[in-house]
Amino acid sequence: MTDVFAALLSQSSELVAPRLLGCELSRQIDGQLVRGRIVETEAYDQHDAASHSYKGRTPRTEVMFGPAGFLYVYFTYGMHYCCNVVTGAVGQGSAVLIRALEPLAGEDIMSSNRGGIIGQRMTNGPAKLCQALQIDRQWNGHDLRQPPLQLIIRPPVAQTDIVQTTRIGITQAKAVPWRFYLRNDQYVSKV
DNA sequence: CCGGTGATGCCCT
DNA sequence: GGGCATCACCGGT
């Protein structure tokens with residue numbers, strides 16, 4: 001396959017989730033660059049009771065069943081957005097939740113979007129980083145190869161720098177170890 | 001630092 | 001109508 005981006009993301013969410021650590025989300029807002037390094041992810045899959053796609057295709061989860069490399073944005077708890085990178089083959093219903101970023105550029109814009117918060121609490125949670133990058137429902141289904149919101153693939157991080165553990169904030173399939181984060185990274189949402 | 005809790009809207013049963 | 005892949009704030013330590 002010549003399309004490296006699609007080839008990488010077309011793998012299972014369980015494989016893609018650790019691979020996205022060290023990759024970057026790049027966003028342009030009013031001509032300004034806002035960028036962050038992914039430091040924490042979680043995998044979700046159709047055969048996974050914690051996944052939105054578990055009960056099959058619905059209008060809400062339609063994007064999850066589409067091609068890899070697109071963004072699945074969902075709204076939860078009446079006020080928060082979270083974003084996922086769709087993975088796997090078409091029809092598979094799998095995605096990787098982006099749970100935390102290390103800010104690399106545009107910290108002033110992120111801080112402004114976050115009500116003035118600076119530092120780790122600016123982007124150390126899935127809804128926090130969406131707020132910082134101004135990602136909401138209108139970005140659901142966005143092609144992550146296209147500006148103004150792109151996923152930048154970086155070389156894989158060393159296996160020894162990755163911690164694998166159980167996912168956060170779910171009530172189903174709590175034992176499944178599909179959360180991945182960078183060891184000793186201060187921007188991870190929770191140790 | 002820690003745990004408890006209220007805010008608030010949409011999706012699916 | 002119940003539950004939710006969350007967050008900020010509050011009070012006690």
Side-chain angles (χ1 to χ4, degrees), chain A residues 9 12-21 23 25 36 38-66 68 70-88 92-103 110-142 144 149 151 162-182 184-191:
Chain A
L9 299 177
S12 72
S13 58
E14 183 183 0
L15 286 175
V16 175
R19 180 65 184 82
L20 290 184
L21 297 175
C23 296
L25 277 181
I38 297 169
V39 300
E40 178 180 352
T41 58
E42 285 179 359
Y44 289 87
D45 183 85
Q46 186 172 9
H47 307 290
D48 160 22
S51 175
H52 292 168
S53 57
Y54 183 60
K55 292 178 180 173
R57 200 185 281 242
T58 69
R60 177 206 201 189
T61 59
E62 189 60 29
V63 172
M64 276 187 87
F65 290 86
F70 285 70
L71 196 69
Y72 167 52
V73 180
Y74 67 88
F75 179 75
T76 192
Y77 291 104
M79 58 182 80
H80 298 300
Y81 294 97
C82 297
C83 70
N84 302 249
V85 177
V86 174
T87 66
Q92 210 166 326
S94 63
V96 172
L97 173 67
I98 309 301
R99 282 199 58 91
L101 294 179
E102 170 192 352
M110 293 194 222
S111 176
S112 164
N113 288 338
R114 291 277 298 124
I117 291 177
I118 307 173
Q120 26 201 110
R121 291 186 352 272
M122 197 162 70
T123 51
N124 67 343
K128 297 179 188 179
L129 70 90
C130 281
Q131 194 181 5
L133 296 190
Q134 292 181 213
I135 296 173
D136 62 20
R137 159 175 237 86
Q138 91 177 89
W139 295 97
N140 189 40
H142 174 74
L144 286 168
L149 175 55
L151 173 66
I162 299 177
V163 179
Q164 177 170 8
T165 181
T166 53
R167 294 171 294 183
I168 289 186
I170 54 173
T171 54
Q172 303 293 319
K174 286 184 176 177
V176 176
W178 279 0
R179 175 174 176 241
F180 303 86
Y181 63 87
L182 291 181
N184 300 327
D185 191 290
Q186 62 173 324
Y187 293 96
V188 167
S189 69
K190 181 186 170 193
V191 184

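Sequence lines set the chain letters: A, B, ... in the order given, protein chains first and strands last, and positions in each chain run from 1.
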Map A:Pro59 and A:Met79 onto DNA chain B by nearest heavy atom, then report which one ends up closer to the 5' terminus.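 Nearest nucleotide further toward 5': that of A:Met79.
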DNA chain B: 5'-proximal contact among A:Arg137 and A:Tyr77 (nearest heavy atom):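 Final value for this comparison: A:Tyr77.
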What is the base-pairing partner of C:dA5, counting Watson-Crick and G-U wobble geometry with both distances under 3.5 Å?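 Its partner: none found.
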Across all strands, who's sitting opposite B:dT8 as a Watson-Crick or G-U wobble pair, both distances under 3.5 Å?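 Looking at the geometry, B:dT8 pairs with no nucleotide.
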Heavy-atom side-chain proximity of A:Leu97 to A:Cys82 below 4.5 angstrom: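 A side-chain contact exists here, since the closest heavy-atom pair is under 4.5 Å.
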Taking the side chain as C-beta and beyond, is there a heavy-atom pair between A:Val163 and A:Phe180 under 4.5 Å?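 The answer is no; the side chains never approach within 4.5 Å.
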Any base atoms under 4.0 Å from [X], or only sugar-phosphate, or nothing? Heavy atoms, all strands.
| X | answer |
| --- | --- |
| A:Ile170 | sugar-phosphate |
| A:Arg60 | sugar-phosphate |
| A:Ala127 | sugar-phosphate |
| A:Arg179 | nothing |

What is the minimum heavy-atom distance between A:Arg167 and A:Ala50, and which atoms define it?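 So the minimum-distance heavy-atom pair works out to NH2-CB, 3.7 Å.
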Closest heavy-atom pair and its distance - A:Asn140, A:Tyr72: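 Taking every non-hydrogen atom into account, OD1-CA, 3.5 Å.
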Expressed as a whole number of angstroms, how long is the span from A:Phe75:CZ to B:dT8:C1'?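 Interatomic distance, CZ of A:Phe75 to C1' of B:dT8: 7 Å.
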d(CD, A:Glu62; C1', B:dC11) in whole Å: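 Interatomic distance, CD of A:Glu62 to C1' of B:dC11: 15 Å.
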So, do A:Tyr44 and A:His52 have ring centers that fall under 6.0 Å from each other?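 No, the ring of A:Tyr44 stays outside the 6.0 Å limit from the ring of A:His52, centre to centre.
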Would you check if there is a donor-acceptor pair between the side chains of A:Glu40 and A:Ser189 at a distance under 3.5 Å?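 A:Ser189 vs A:Glu40: donor-acceptor pair found between side chains.
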Under a 3.5 Å threshold, yes or no: a donor from one side chain and an acceptor from the other, between A:Asn113 and A:Gln131?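 No pair is found: no donor N or O on one side chain lies under 3.5 Å from an acceptor on the other.
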Using heavy-atom distances to pick each residue's nearest nucleotide on DNA chain C, tell me which of A:Arg121 and A:Val96 is more 5'.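 Here A:Val96 is the residue nearer the 5' end.
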With a strict under 4.0 Å distance from non-hydrogen atoms of chain A, what nucleotide opens and what nucleotide closes the contacted stretch of DNA chain C, reading 5' to 3'?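 Listing 5' to 3', DNA chain C meets chain A from C:dC4 to C:dA8.
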